[in-house]
2 protein chains.
Amino acid sequence: MKQEHSGKNYRYSRQRERILEVLRSTESHPTASWLYDKLKPEFPRLSLGTVYRNLAILIDLGFARKIDAGSTFDRFEAKTEPHYHLICRKCGKIEDFEKHFFPEIDEEIRRSTDFDIEGHRIDFFGTCSDCNRKS
Amino acid sequence: MKQEHSGKNYRYSRQRERILEVLRSTESHPTASWLYDKLKPEFPRLSLGTVYRNLAILIDLGFARKIDAGSTFDRFEAKTEPHYHLICRKCGKIEDFEKHFFPEIDEEIRRSTDFDIEGHRIDFFGTCSDCNRKS
DNA sequence: TTTCTTATTAGTAATCGTTCCGATTATCGG
DNA sequence: CCGATAATCGGAACGATTACTAATAAGAAA
């Protein structure tokens, strides 16, 4: 893991490395405390503050992203390729969707606003197949 | 203001009526405490909890929406027609964008997932003209 | 209008996710 | 190995939101 970006140069830390590995190993778009629980057995003295601080650093390094899914808590992901999210209104599950990406809509918007558009995010809302099956 | 929806029947309240009016009168996508400050002179005994509770009711009634813009606090709007948001990465300002809407992308997604898609939200990120001018 | 029921409010305390702080530990260049 | 300082731990602090209780007010019925 290269740890330099945006002027800053971060020292290596075993906790940070593992936080990124665990984040990369899941598709569940976890919370900070989920990561904390996962890593607590490995680092018995791990602190939640360490998880938060390192997630912020990983975001700064471009290795992770924060997701706003309407919950009261933040969720994170390590996927950096462009993709969208399917958010289940019933259970809150977030799934990645990468089959289509629409770069042309940025152009469309650029033409009719003076905002300097860098990119966009799309979230699709609905009900996941698990929840559909149950009702 | 019709106050019935989702089974519940709400009583009239002057505070709720004014909260909606003020929310409709601004394009600033305000926070709960901004609304509180605006209405405090009019209702000297207004409580912040009242603002939050009524915003939740207004959302339930379909008169308002909550916006997740990556901040630590919630922002609200009373515009109910479909539209997107332009979010300034520098100053946090949110502007509405209604010139284009892309209903066809829901169809596109429906075809390749088993999620039951109800709709989508798009947020465009960039720099607003005010911030561009300053730098 | 008066009464009665109950939704709504004000005021405050509690909650909960996140950030901050001081002391200790670890990284890493010299 | 030493020294400088970044990162950690543990816990306190913070800030937005929610929950609780007694008082108030909407609105239906008499």
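The chains referred to below are lettered A, B, ... by the order of the sequence lines, with proteins before strands, and numbering in each begins at 1.
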Under 4.0 angstrom, heavy atoms only, what part of the nucleic acid is A:R14 near: base, sugar-phosphate, or nothing?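 Counting heavy atoms under 4.0 Å across all strands, no contact is made by A:R14.
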For A:F124, is the NZ or CZ atom of B:R110 found under 6.0 angstrom from the centre of its six-membered ring and inside 45 degrees of the ring axis?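 No cation-pi geometry.
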State whether the side chain of B:R16 and the backbone N or O of B:R11 hold a donor-acceptor pair below 3.5 Å, judged by distance alone.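 It does hold such a pair.
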Quick one: do B:I59 and B:L20 end up in the same hydrophobic cluster if we chain Ile, Leu, Val, Met, Phe, Trp and Tyr together by side-chain heavy atoms under 4.5 Å apart?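 Yes, same cluster.
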Just how far, in rounded Å, is [atom2] of [N] from [atom1] of [X]?
X: B:Y36; N: C:dT12; atom1: OH; atom2: P; answer: 10 Å
X: A:F43; N: C:dA26; atom1: CZ; atom2: P; answer: 12 Å
X: B:E17; N: C:dT9; atom1: CD; atom2: P; answer: 12 Å
X: A:I57; N: C:dT19; atom1: CD1; atom2: P; answer: 12 Å
X: B:N9; N: C:dA7; atom1: CG; atom2: P; answer: 10 Å
X: A:N54; N: C:dT19; atom1: CG; atom2: P; answer: 13 Å
X: A:Y10; N: C:dC28; atom1: OH; atom2: P; answer: 15 Å
X: A:L48; N: C:dC20; atom1: CG; atom2: P; answer: 14 Å

Got a list of protein N/O to nucleotides 11-13 of chain D N/O distances below 3.5 Å?
none

Tell me which nucleotide among [options] gets nearest to the side chain of [X].
X: A:R11; options: C:dT27, C:dT8, C:dA10; result: C:dT27
X: B:R16; options: C:dA10, C:dT8, D:dA16; result: C:dT8
X: B:L46; options: D:dC9, C:dT9, C:dA10; result: C:dA10
X: B:Y12; options: C:dG11, D:dG27, D:dC9; result: D:dG27

To the nearest 0.5 Å, how far apart are NZ in A:K79 and CD in A:E27?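 The NZ atom of A:K79 sits 6.5 Å away from the CD atom of A:E27.
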For the pair B:H100 and B:F97, name the ring-plane relationship: parallel under 30°, tilted 30 to 60°, perpendicular over 60°.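 Parallel, since the angle between the ring planes stays under 30°.
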In terms of relative ring orientation, are A:H85 and A:H29 parallel, tilted or perpendicular, with 30° and 60° separating the classes?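 It falls in the perpendicular class, over 60°.
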Decide salt bridge (charged side-chain N to carboxylate O under 4.0 Å, His left out) for B:E77 and B:R75; before the verdict, give the C-alpha distance in whole Å, the side-chain angles of both, and the deciding distance to 0.1 Å. CA-CA 7 Å; B:E77 67 181 356; B:R75 300 179 63 167; over 6 Å; no
Quick check on contacts: within residues 73-80 of chain A, what sits under 4.0 Å from DNA chain D by heavy-atom distance?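 Those residues whose heavy atoms fall under 4.0 Å from DNA chain D, taken from residues 73-80 of chain A, amount to none.
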Should B:E21 and B:R24 count as an ion pair when the cut-off is N to O under 4.0 Å?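 Here B:E21 does not pair with B:R24 in a salt bridge, since their nearest N and O are not under 4.0 Å apart.
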Check ion pair A:K40-A:D37 (N to O, under 4.0 angstrom):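 Looking at A:D37 together with A:K40, the answer is no, because their closest N to O distance does not fall below 4.0 Å.
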Report yes if a side-chain nitrogen or oxygen of B:S13 is closer than 4.0 Å to either non-bridging phosphate oxygen (OP1 or OP2) of C:dT9; otherwise report no.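 Yes, such a contact exists.
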Report yes if a side-chain nitrogen or oxygen of B:Q15 is closer than 4.0 Å to either non-bridging phosphate oxygen (OP1 or OP2) of D:dA25; otherwise report no.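 No, because none of the side-chain N or O atoms of B:Q15 sits under 4.0 Å from OP1 or OP2 of D:dA25.
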Between B:T50 and B:T72, which residue's closest nucleotide on DNA chain C lies nearer the 5′ terminus?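 Whichever sits nearer the 5' end wins; that is B:T50.
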Least distance between heavy atoms, A:L86 atom then B:I117 atom: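 Distance-wise, the nearest heavy atoms are CD2-CD1, 3.9 Å.
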